[in-house]
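Encoded as structure tokens, the structure appears first; notes follow it.
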Amino acid sequence: MKRILLLPLFILMCKLVVAQTYIIGVQAPITGSFASEGQGINNAIQLLVAQTNAAGGINGDTFKVVTCDDQGNPQNAVICAKTLVDAGAKVVIGSYSSTATEASQAIYAKAGVIQTSDATANNLIVHAYPTYFRNSFNDNIEGNFTADYFVNIKKYKRIVILGDFSAFSTGLSASVINNIKALKGNIVYTGKITSGDNDFRAILTKIKALNPDVIYYSGYFIEGALLRSQEVSLGIKADFVGGNSNDNPQFLKIAGSKAKGSYLIGLPLPQQLDSQQAQQFVADYAKKYNSPIPSIWTITNADGLLTVFAAMKAIKTNDPILVAKYIHGSIRNMPCLTGYMTINNQGEREGNIYQVSQIQSNLKYKVVYH
Amino acid sequence: MTKLLIQNLSKQFAALVALDNISLELETNKIYGLIGPNGSGKTTLFNCISGVYKPSSGNITFAHHSIINMAPEKIAQLGIRRTFQTIRLSSELTVAENIYAGYHHYSKHNFIQALFNLKGYRQDEIHCWREVHRAAKLLDIEPHLRLKVKTLAYGIQRKVEIARAIISQPQLLVLDEPAAGMNESEKIELTHIIKQIQLQNITILIIEHDMHMISTLCDTVFVLNHGKLIASGSPTEILNNKQVISAYMGDEHA
Amino acid sequence: MLNIFLQQLINALTYGSLIGFIALGYSLVYGILKLINFAHGHIVTFAIFITMSMLTQFLALHTLGFILALSLALIITIGVTIVLEIVAYRPLRRSNRLSLIVSALGAGMVIENAVMLIWGPNPRVFPDINFFQGTINLNGVVVSELNLFILFLNIVVMSILYLFINKSRTGIAIKALSLDYQTAQLMGVNINKIIVLVFVLGAILGSAGGILIGLTYKTISFNMGFEYGLKAFIAAIIGGIGSIPGAMLGGLIIGILQTLSAGYISSIWANVITYSLLILLLIVRPRGLLGQKDIEKV
Ligand SMILES: Nc1ncnc2c1ncn2[C@@H]1O[C@H](COP(=O)(O)OP(=O)(O)OP(=O)(O)O)[C@@H](O)[C@H]1O
Ligand SMILES: [Mg+2]
């Protein structure tokens, strides 16, 4: 009796397996120093996929997310790329950092898997992989914006540029430096710190002697916050300006009250996005995960997936090669969570939504320039 | 009165029988000798008494406690102290510190007193350092107390070891070849010192190859050969015992 | 110019003494057991995290809460250390050196993972306390109160440790018998007690260093024990492993080399310069600055 009952169930199960589920990979730092970012990306993709499936999927397919934790380092990025390709992923969102993204690019490109990442290093586009596209803006756009703000708006006379050794920070520093030089700005010092170190008082003391009026840091939020708080402790009066990866709630927690007055150049914060669609997404996220979106990078990655979905709908097929081909060049001014999406033939996102915020004495961000 | 009682004691290392069914008895305040050819099991017997080795069978009773299953530090705290065939001192430390370490378990103070250097702790300190001086005086090494052990002559180091062993006023002192490496005048002095120690109500068991020293010091001598106790008696009896002579002769011929 | 130099010196000394505190734990344990306790860095991490939790629990109580939180955290850390000694080291005390090292490494991984499972993989922020927040400005040389406290604590701890090891009854026993457990036992010393005591002392010093690191740098993560452990281990080796003042000296030297090379030569090359100099030093003096001559190979 029991067996007879089980039989239809078994058939049903087989059917489920056979029925096409389209796998979307997430390669992100779920653990490690960037864990909050990685988890944000993963959460956002899970949310979008659930919403899309609930609306009936696209072109007959429903979607399923497979996540791989690359811890933000290139070794694990390679392992993740292979794992996700083997798992049958057709689209991969990630990774968060330029280093991890760069390490995985070739594997996805070879397997014909669409990859989209928020990573901003210029060199992610040099290979012009036909399946890769960027969902944020490259360093040069940020470098240009930063240099203009320093030299023409703030009229800084003695500029210090710091970064870490990551591909992302190195690229961003270089682009800021080049743009400042082009505007004839005066850089008095450029240096690097090692990410993972905690004590930067030596280099800051050296900088103090140079009497700078701004210290710019192109690396990530943990070291950024430590630099800022040690700068204040050492009695250095220069402004502190962090590049886009200092945008993280941890910056405020680590630097505490010493964060006051520091600047952040980046994309708008999630809560600053003004479109209806964006606010809805922020609310949905908060409702599902009971915590706010960690940073704008969560949303640009969501935009990456939305771009893929839009392309699928436009050409009425989910074939990754065709979808990628469409994205490169045919997505123009598409409304998305972070404004408008335009992808050029190289897979580069065009446009610019950069802004400068300053941390107020109530430890809230206030946009001071855009 | 019986101080130490050894009954049917055997110790085996894999196939090698190092001690074979040994029974003997030590009485209070006497000096005993333990002799025998090289490898006959003398040090092994000392190791069983002091708890380094657990015997394969048999029993050892000390002051009415069976000690064969006791941890070495418990046996030492019970009142059995020893020296070693090869010197085991901390050569970087001073003579005084080495001797002092032998009295570590002496403690009438509590943790709080130690932490804040209170009266109880200080009294213990004073007592222990007084004992260090007493032991050093007995061994005639007082002038060396502040010197590092590694700077001292071998004969003096041997005496430091004995001082460390007697500082806790043990009931049984076990000396493993204390005169090894000493010259004649040092041996005479040591003989004298060991007699002084006996006067402190300490039973002494001594391994020594110097028969002259053994005859001058010991009330009773035990002879081991291939792990067996082949004879025991007064020094004169032992020196005339045929079995003992042949054991030594055989050993020399081998 | 002088001001800058003095500032760098203060930077170096405060950073160096944090490393030194952790290094003391390695050196103490090595001095007695000839064991490099590779789990030490992870015990330090554990201490930091448990202190963080306790502080968040009790911080509302201000100074009293701080003391309560610290004491509880320390007691728990000591408990973990004792368990570690009994479970991971004691059974192997008589076996060869290599199995002990493997056991230490394994124990370290267990603790690291436990910290990750309890407190999660994300970096956490150490809570603010409501004292030691100010800074003192002496003619352009800035010292934070916390830094002053670290330097002060350094001197106090070193003095207490010096007195303990050289003057106390247990300290002398530790030294006199550190070369040889068996002789120690035969002299009536309960070596289990002494060994546990040494581990506990090491853990307390490490925890002190760890908590100060938490207070100074705020950001903590479950895997920080590796990096700090490694630096402290190098400090212990440089100072001469087994030597108490050596461990602190080693920490200070690392602090000074890193700070001065970052401050005066190049921040990019600071690590390379520091560690090359240290390798050079070990080539010239393999036993470290204050190490004993008869150092064993491990
Ligand atoms: N731990 C051990 N493992 C194996 N064999 C041992 C051990 N200790 C001693 N032996 C063996 O037991 C026998 C007795 O050794 P022991 O050291 O007791 O002799 P001894 O009488 O003290 O000699 P000596 O006069 O040379 O000191 C020897 O054959 C020795 O090799
Ligand atoms: Mg012997």
Side-chain angles (χ1 to χ4, degrees), chain A residues 29-40 69 71 162-165 170 189-194 196-210 220-236 248-259 294, chain C residues 1 3-12 14-16 18-19 116 120-128 133-137 140-144 146-147 213-214 216-224 226-228 231 255-271:
Chain A
I30 305 297
T31 63
S33 336
F34 306 135
S36 60
E37 297 285 0
Q39 289 166 7
D69 176 13
Q71 297 177 4
L162 293 179
D164 68 19
F165 289 90
T170 308
Y189 182 77
T190 56
K192 279 192 182 188
I193 59 164
T194 308
D197 274 359
N198 280 340
D199 197 315
F200 308 118
R201 288 175 296 172
I203 189 169
L204 284 169
T205 301
K206 179 176 183 175
I207 288 167
K208 185 182 186 181
L210 300 171
Y220 293 89
F221 53 88
I222 291 182
E223 287 78 22
L226 287 168
L227 274 169
R228 170 59 180 179
S229 71
Q230 288 166 23
E231 180 205 352
V232 174
S233 299
L234 286 169
I236 302 173
N248 186 290
Q250 294 256 357
F251 185 96
L252 291 174
K253 281 202 200 160
I254 295 169
S257 61
K258 296 186 178 116
Chain C
M1 230 33 241
N3 269 357
I4 295 290
F5 181 75
L6 284 177
Q7 182 74 59
Q8 292 291 27
L9 212 59
I10 287 170
N11 298 343
T14 44
Y15 178 69
L18 292 178
I19 300 290
M116 188 186 84
N122 300 344
R124 302 284 290 266
V125 177
F126 203 80
D128 274 320
Q133 291 298 334
T135 51
I136 296 163
N137 193 328
V141 181
V142 184
V143 195
S144 74
L146 185 63
N147 286 350
I213 285 172
T216 311
Y217 302 119
K218 292 277 164 227
T219 155
I220 61 178
S221 63
F222 76 93
N223 54 6
M224 66 192 290
F226 177 76
E227 170 132 5
Y228 277 106
K231 281 200 174 135
I256 289 174
L257 286 181
Q258 277 209 326
T259 306
L260 295 190
S261 45
Y264 288 100
I265 306 173
S266 153
S267 62
I268 297 174
W269 292 94
N271 276 331

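Side-chain atoms are counted along with the backbone in the values below, which use heavy atoms only and exclude waters and symmetry mates. Chain identifiers are assigned alphabetically (A, B, ...) following the order of the sequence lines, protein sequences preceding nucleic acid strands; residue numbering begins at 1 within each chain. Please read all numbers here as calculations on a predicted model, not as lab measurements.
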Margin query: With a 6.0 Å cut-off (strictly less than), is the heavy-atom count around NZ of A/Lys208, excluding the residue itself, greater than 12?
Written below: yes

Note to self: Using the rule given for side-chain contact (heavy atoms from CB on, under 4.5 Å), can you reason through C/Lys218 versus C/Asp128, listing the C-alpha separation, both sets of side-chain angles and the distance that settles it, and then say yes or no?
What the structure shows: CA-CA 8 Å; C/Lys218 292 277 164 227; C/Asp128 274 320; 2.8 Å; yes

Check: Atom CD1 of A/Ile236 and atom CZ of A/Arg201: how far apart are they, to the nearest 0.5 Å?
Finding: 11.5 Å

Next item on the list: Identify which of A/Gly191, A/Gly235, A/Ser33 forms the greatest number of heavy-atom pairs closer than 4.5 Å to chain C.
Entry: A/Ser33

Margin query: For A/Lys258, is there any backbone N or O sitting under 3.5 Å from a side-chain donor or acceptor partner on A/Arg228?
Written below: yes

Notebook entry, point to check: Where the side chain of C/Gln7 meets the backbone of C/Val142, is there a donor-acceptor pair that is under 3.5 Å apart?
Noted result: yes

Note to self: Heavy-atom pairs under 4.5 Å with chain A: which of C/Gly263, C/Pro121, C/Gly140, C/Ala270 has the most?
What the structure shows: C/Gly263

Margin query: Which one wins on heavy-atom pair count under 4.5 Å against chain A: C/Pro123, C/Pro127, C/Ser221, C/Ala12?
Written below: C/Pro123

Next item on the list: Counting only heavy atoms closer than 4.5 Å, note whether C/Gln8 contacts chain A via side chain, backbone, both or neither.
Entry: both

Checklist line | Contact origin within C/Leu146 toward chain A - heavy atom pairs under 4.5 Å | finding: neither

Check: Would you say the side chain of A/Phe200 lies within less than 4.5 Å of the side chain of A/Ile207, judging by non-hydrogen atoms?
Finding: no

Item checked: Segment of A/Ile222 engaging chain C (4.5 angstrom heavy-atom cut-off) -> side chain

Notebook entry, point to check: chain C heavy atoms under 4.5 Å from A/Thr194: which part of the residue, side chain, backbone, both or neither?
Noted result: side chain

Item checked: Heavy-atom contact with chain A under 4.5 Å, split by part of C/Tyr228 -> side chain

Checklist line | Exam field: side chain A/Gln39 to backbone A/Ile30, donor-acceptor pair closer than 3.5 Å | finding: yes

Next item on the list: Just give me the residue among A/Thr31, A/Ile203, A/Ile193, A/Leu234 that pairs up with chain C most often, heavy atom to heavy atom, under 4.5 Å.
Entry: A/Leu234

Item checked: Contact origin within C/Ser144 toward chain A - heavy atom pairs under 4.5 Å -> neither

Notebook entry, point to check: So what's closer than 4.5 Å to chain A heavy atoms on C/Thr14: side chain, backbone, both or neither?
Noted result: both

Margin query: At a 4.5 Å cut-off on heavy atoms, which part of A/Phe165 comes close to chain C: side chain, backbone, both, or neither?
Written below: side chain

Note to self: Applying the side chain to side chain contact (heavy atoms under 4.5 Å, CB included) criterion to C/Asn11, which one of C/Thr259, C/Asn147, C/Val143 satisfies it?
What the structure shows: C/Thr259

Check: Quick one: CG on A/Leu226 to OG1 on C/Thr216, what's the gap to the nearest 0.5 Å?
Finding: 10.5 Å

Margin query: Using heavy-atom distances under 4.5 Å, tell me whether A/Phe221 contacts chain C through its side chain, its backbone, both, or neither.
Written below: neither

